[in-house]
Amino acid sequence: QVQLVESGGGLVQPGGSLRLSCAASGFAFVWYAMNWYRQAPGKERELVAAISSFSGSTSYADSIKGRFFISRDNAKSTVYLQMNSLRPEDTAVYYCNAKRGERDDYWGQGTQVTVSS
């Protein structure tokens, strides 16, 4: 059975940092691109960061570029999102996603990140 389990969310003050983790199991992690999405209340789900399976190349949404950094540890089947200089508009549920081609697409349950004074 496929599992993606996010952790590391919570309440943080503006300017603070959090590190999200997503532990994967039940599939060949190394073959999958890994992505972080977020969804704020009343907004569409958006892609925040992505990392490829082989080259490890990364891409980021303009809204977080230079502040957030995605990485993966294939030996641990875990993907991370380091979040720095957090702003209130970063408040959202953050979801881990694993995708291989157009057919295999897995999602975690999400972890809440709240940025507030």
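Among pairs with a residue in residues 63-93, none fulfils ring-ring contact (aromatic ring centres under 6.0 Å, His included), at least two apart in sequence or across chains. The disulfide bond (SG atoms under 2.5 Å apart) pairs that include a residue from residues 27-68 number zero, where partners must be two or more places apart or lie in different chains. Within the structure, the disulfide bond (SG atoms under 2.5 Å apart) test picks out no pair touching residues 40-78 (sequence neighbours left out). Judged as a disulfide bond (SG atoms under 2.5 Å apart), not a single pair has a partner in residues 31-91 (not counting sequence neighbours). Here salt bridge (Lys or Arg N to Asp or Glu O under 4.0 Å) pairs that include residues 30-44, with residues two or more places apart or in two chains, are Arg38-Glu46, Arg38-Asp90. Applying the salt bridge (Lys or Arg N to Asp or Glu O under 4.0 Å) test to every pair with at least one member in residues 6-17, sequence neighbours left out, gives no pairs at all.
Going from atom CE of Met83 over to atom CD1 of Ile70 covers 11.5 Å, rounded to the nearest 0.5 Å.
Of the possible polar contacts, one joining the Asn97 side chain to the Tyr106 backbone as a donor-acceptor pair under 3.5 Å is found. With hydrogens and angles ignored, the 3.5 Å screen pairs no side-chain donor or acceptor of Ser63 with any backbone N or O of Ala61.
Shortest non-hydrogen contact noted between Ser52 and Ser55 is OG-OG, 2.9 Å.
Counting only heavy atoms from C-beta outward, the side chains of Cys96 and Val79 approach each other to under 4.5 Å. The shortest side-chain heavy-atom distance between Ile51 and Trp36 does not fall under the 4.5 Å cut-off.
In this structure, Val93 shares a hydrophobic cluster with Tyr37, Leu47, Tyr95, Trp107, the cluster being traced through Ile, Leu, Val, Met, Phe, Trp and Tyr side chains under 4.5 angstrom apart.
Applying the side chain to side chain contact (heavy atoms under 4.5 Å, CB included) rule to Ser59 yields the partners Ala50; only residues at least two apart in sequence or on another chain are considered. Listed by chain and residue number, Arg72 satisfy the side chain to side chain contact (heavy atoms under 4.5 Å, CB included) test with Ser53 (two or more places apart in sequence, or in another chain). Applying the side chain to side chain contact (heavy atoms under 4.5 Å, CB included) test to Lys65 and every residue at least two apart in sequence or in another chain returns Tyr60.
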Compile the donor-acceptor pairs under 3.5 Å between side chains in residues 110-117 and protein atoms, sequence neighbours left out, one pair per line.
{"residue": "Thr111", "atom": "OG1", "partner": "Gly9", "partner atom": "N", "Å": "3.4"}
{"residue": "Gln112", "atom": "NE2", "partner": "Ala92", "partner atom": "O", "Å": "3.4"}
{"residue": "Gln112", "atom": "NE2", "partner": "Thr114", "partner atom": "OG1", "Å": "3.3"}

All N/O donor-acceptor pairs, side-chain side in residues 12-34, below 3.5 Å, sequence neighbours left out:
{"residue": "Ser17", "atom": "OG", "partner": "Asn84", "partner atom": "OD1", "Å": "3.0"}
{"residue": "Tyr32", "atom": "OH", "partner": "Asp104", "partner atom": "OD2", "Å": "3.2"}

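Applying the 6.0 Å contact sphere to CD of Gln109 captures no more than 12 heavy atoms from other residues, nucleotides or ligands.
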